[in-house]
Every structure is written in C-alpha cells, then in structure tokens.
2 protein chains.
Amino acid sequence: MAGSVGMSERALLGEDVRGVTATHGTAKARIERAALGLFATRGVDGVSTREIAAEAGLSEGSIYKNFDSKDALAETLFEAIHARLYALVKTAIAESADFEDAVRRVVAAYCDAADSDRTLFEYHLTHMFRFGQIDRPGRPDPTALIAARIAEAMTAGDCPDGDAEIKAAAALGVVLQPAAHRMAGRFSIAMASRADALARAALAAIQEA
Amino acid sequence: MAGSVGMSERALLGEDVRGVTATHGTAKARIERAALGLFATRGVDGVSTREIAAEAGLSEGSIYKNFDSKDALAETLFEAIHARLYALVKTAIAESADFEDAVRRVVAAYCDAADSDRTLFEYHLTHMFRFGQIDRPGRPDPTALIAARIAEAMTAGDCPDGDAEIKAAAALGVVLQPAAHRMAGRFSIAMASRADALARAALAAIQEA
DNA sequence: CGTTTGTGAGTGAGCGTTCACTTACCGCAA
DNA sequence: TTGCGGTAAGTGAACGCTCACTCACAAACG
C-alpha cells in the first residue's frame, strides 16, 4: 500500500535525512526531501507535482508509486515532524528533575529541532494552520503534553493557578515566534544560542499568564 | 486604476466593516468581506474567484473591475490589517506613561483586534508567512515598532540588555500563539478577558529573553 | 448621451492523476 | 553460467478538469 505512515516515517526519519539529495537515497526519501524544501518556502498549493518530480530527479509517476496523492505526501511530512516533536517533548519531560527543568529541556529540544533541520521545522511552522487542527483523536500532540505538565505543576504548587492551555500557548509562542521571525529574516543566529534565555522567558510567561 | 491601496483601505476599513454582508455595502467592500472570510478559513489558494463572487453575490468579472488580480485582492486585505495593527501599536506606545504601560496597552490592543474582527485577525495569523516578508522597505511594520520601543527601554535601563528583535518576537508570541490556539479550537474565551495576564507574561518574557 | 459598473460565457494554461509501457532485479531450474 | 518468469519500480505522454482572467455587451445613472 502506497504512502503508509510507517513506511514514510522510516524513509524520512530513519535515514540520515541531511544526506538525502536529488541524487542520493531511496526514491521515496528523495521525493520527501524535494517536496519538503519546496513546500516549506512556497506552500503546498504553490508547488506542482511536476516541480517536485524534477527536484527529486524522478518522474511524476513515481510520486504516485510512493504516495496516494500530493496531499497525502504533504500530510505525511507534517505528521513526521509532529510525531518527532511529540517524542522530543515526551522525553524532555520524562527526564526532567522538576518543573523548571522540564521547561528548560522542552525549550532546548524545540530550539535544537529548529536548528538541526530548519526546513522541516519551517514546514511545520508554515503549515500548522492547514494540518494542525486538533479534531483528529489519538494523534500525538506535543502541545497537549505541555499543557498537561503545566496543569500538574499547578496542582503541585510549582506554578500559579490559571488556564493551562493558555499558559502552554504563551510558552510555546515564546519559542515559535522567534523561530518564525528568524525564518522571515529578522535575525539569523541559531535558536540554540538563545535557548537558556528563551527558557527563562517561557517559564516567566507560564507563571504570569 | 483598479485595486489601489487607498481605495481598498477606505472600502474595507472606512465603513463599519461588520455591517458589510453579501447584500449590503459597495461591491468592493462586499468582495473584500467575502474573500476575507473564505481566505481566512481555507487559505488564498484553497478558494476560487468563482466562490468569492458567489459569496459576495456578484459576478466573477466584478472582482476584476475592482482589483487587478486575485493576488492583489489577497495582498490588499493583508496590508489593511497590517496597517491597522501598525496604527494601533503606534497609538498604544504614544499614549503610554512608561514601558510597562506601553506593553500593557500594546497587548490590550492586539487582544481587542483579535476579538473585534476575528476573521481579519485570523487571516493575518494564517497568512503572515505568505505576505509578511520584511524585504519591502517603507512598509508599516508593527513588529519593528515594538522592537524599537524595547531597545529604547533597554538604553533607559527599564529592561535588561539583550537582543531587542528576539525580545519583541517572544513578547508577540505570548499573544499570537494563544490567538492561534483559540483559532484552532483549543479554547474559546475572549482574548481581551486574558489581556492583563498576557501583558504580565509578555513583560516577563521581554525581561528574561 | 457618455461614463461607469456589472455581467457571465468563453479561453488557454496548468493542475493532479492515471496507465500502458519499459527497465531492473530477483530466485530458480536447466 | 545461462535463460526465464514474476514482480516491483519508474516513466512520461495523455486526460479530464478547474483555474484565473478576458471581453463584448447590458444596465444604471447623471
């Protein structure tokens, strides 16, 4: 069956993704890399299957041998980064000593993700509104994980009472908006170099919101 | 000349925009209202000119009597909200007593804008990446205004030193990310009801980032 | 009567998708 | 080693369709 999530994740995430180019890697991984780069800068609707195929050094038909549709390809890419972020957040929270440490680790994880595969992260940022609706149940959701940890901190007395969803959103905004501004060219330093400051800012935002 | 910015702003912003429907107001304002609603929920590329015309209760041709192209229409709408936010931020800063008051007023202004014309604000949120590039010089830019005010506060000693652009982005994120989460259905209360808490959070984020 | 405003069928370009076909590669029997 | 059948992967021209945009015309208005 073409385009199953398991297969695609393996193609996109199993290999060292940065080694995949138009001339290296499996056809599926090459299609994903090509599509990702084009989608991130010009949007899913701004790119044709012909362009993706050309960028991947393959034919248009091969896209459909590996994915059910252009939209399924776009969704696969989004789910891949979404699942990766979920895993990163889960690990960061699990390994943390206390609430403050959890915030620091989660922020650091986001910063690293934003730096280490910039294209994938930019695709995530720009297509949250298209694919990021929460109606799908059972979907890994990093934001829900963060909100739950904040709610836990509130009952434990580590954080002033309030709306955990809004606190989570504010904290996330402290990291994502700078990432978006960097993408727009407003500055160009690595996110990781500001991870500590952003972690303090996120923690402060959580306390106050 | 069809679609000049001045005319469009008057059509979109000069009238009481909430009174404009498919059957009331000038053709231009009806087209703008119809396009705005469709663009906000389904994206510029996800909506056809036929649908816009139908929603506005007009013919396709009338779109082109009033705008140079579909893209010009989309850009006009974006520039309208961008200019409005710029004016709001400028006023908020000008009328503020001190830095803390400026932050509170700007946050309140964003919350009010998010509540009072939700569709326009959602269009802004979802299309920042398409139209929000900063390469155009002389363009009113609310973010630059905020960054400048933060830089001023830093030299005045009202705020710890750091990168004003990143501080501004973090503060904006504290407001915009909750707005985005509300749009995605994660919560549904009015932004204005949380304006004070978000203002405190934004100020804290500015101090720490 | 001239000008502006609105109309909607028409147009060609470009889209996502399909499918008959070619190529590459495998295990296996002779 | 050679030949063979089966399978999967890749190809690219072609298809049906939708799109943004145009234009000859009509209505409205002063």
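Proteins come first, then strands; the chains are lettered A, B, ... in the order of their sequence lines, and each starts at number 1. Every value quoted in this text rests on a predicted model; they were computed, and no experiment measured them.
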Worksheet item: Under 30°, 30 to 60°, or over 60°: which ring-plane class applies to A:H124 and A:F78, parallel, tilted or perpendicular?
Response: parallel

Practice prompt. Identify whether the distance between the nearest side-chain nitrogen and carboxylate oxygen of A:D71 and A:R130 falls below 4.0 Å.
Written response: yes

Worksheet item: With a 4.0 Å cut-off on heavy atoms, is A:A27 in touch with a base, just the backbone sugar-phosphate, or nothing at all?
Response: sugar-phosphate

Practice prompt. May I ask you to say what B:S62 touches in the nucleic acid, namely base, sugar-phosphate or nothing, with a heavy-atom cut-off under 4.0 Å?
Written response: base

Discussion item. Need one value for A:S48: base, sugar-phosphate or nothing, where a base atom within 4.0 Å counts as base even if backbone is also close, heavy atoms only.
Written reply: sugar-phosphate

Worksheet item: Less than 4.0 Å between a side-chain N and a carboxylate O, is that true for B:E79 and B:R139?
Response: yes

Practice prompt. Mind listing the residues from residues 38-47 of chain B sitting with a heavy atom below 4.0 Å of DNA chain C? Number order is fine.
Written response: none

Worksheet item: Within the structure shown, what part of the strands sits under 4.0 Å from B:L58 by heavy-atom distance: base, sugar-phosphate, or nothing?
Response: sugar-phosphate

Worksheet item: Should the pair B:K70 and B:Y64 be classed as cation-pi, given the thresholds of under 6.0 Å to the six-membered ring centre and 45° from the axis?
Response: no

Practice prompt. Anything under 4.0 Å to a heavy atom of chain A counts; send over the first and last such nucleotide of DNA chain C, read 5' to 3'.
Written response: C:dC15 to C:dT18

Discussion item. Strictly below 4.0 Å, N to O, side chains only: are B:R42 and A:D45 in salt-bridge contact?
Written reply: no

Worksheet item: First and last nucleotide of DNA chain D touching chain B, 5' to 3', heavy-atom cut-off 4.0 Å?
Response: D:dC19 to D:dT22

Fill in: Note: B:D117-B:R33 ion pair, threshold 4.0 Å (strictly below)
yes

Worksheet item: Hey, is B:R182 close enough to B:D115 for a salt bridge, meaning N to O under 4.0 Å?
Response: yes

Discussion item. How close do A:M191 and A:P178 get, counting heavy atoms only, and between which atoms?
Written reply: CE-CB, 4.1 Å

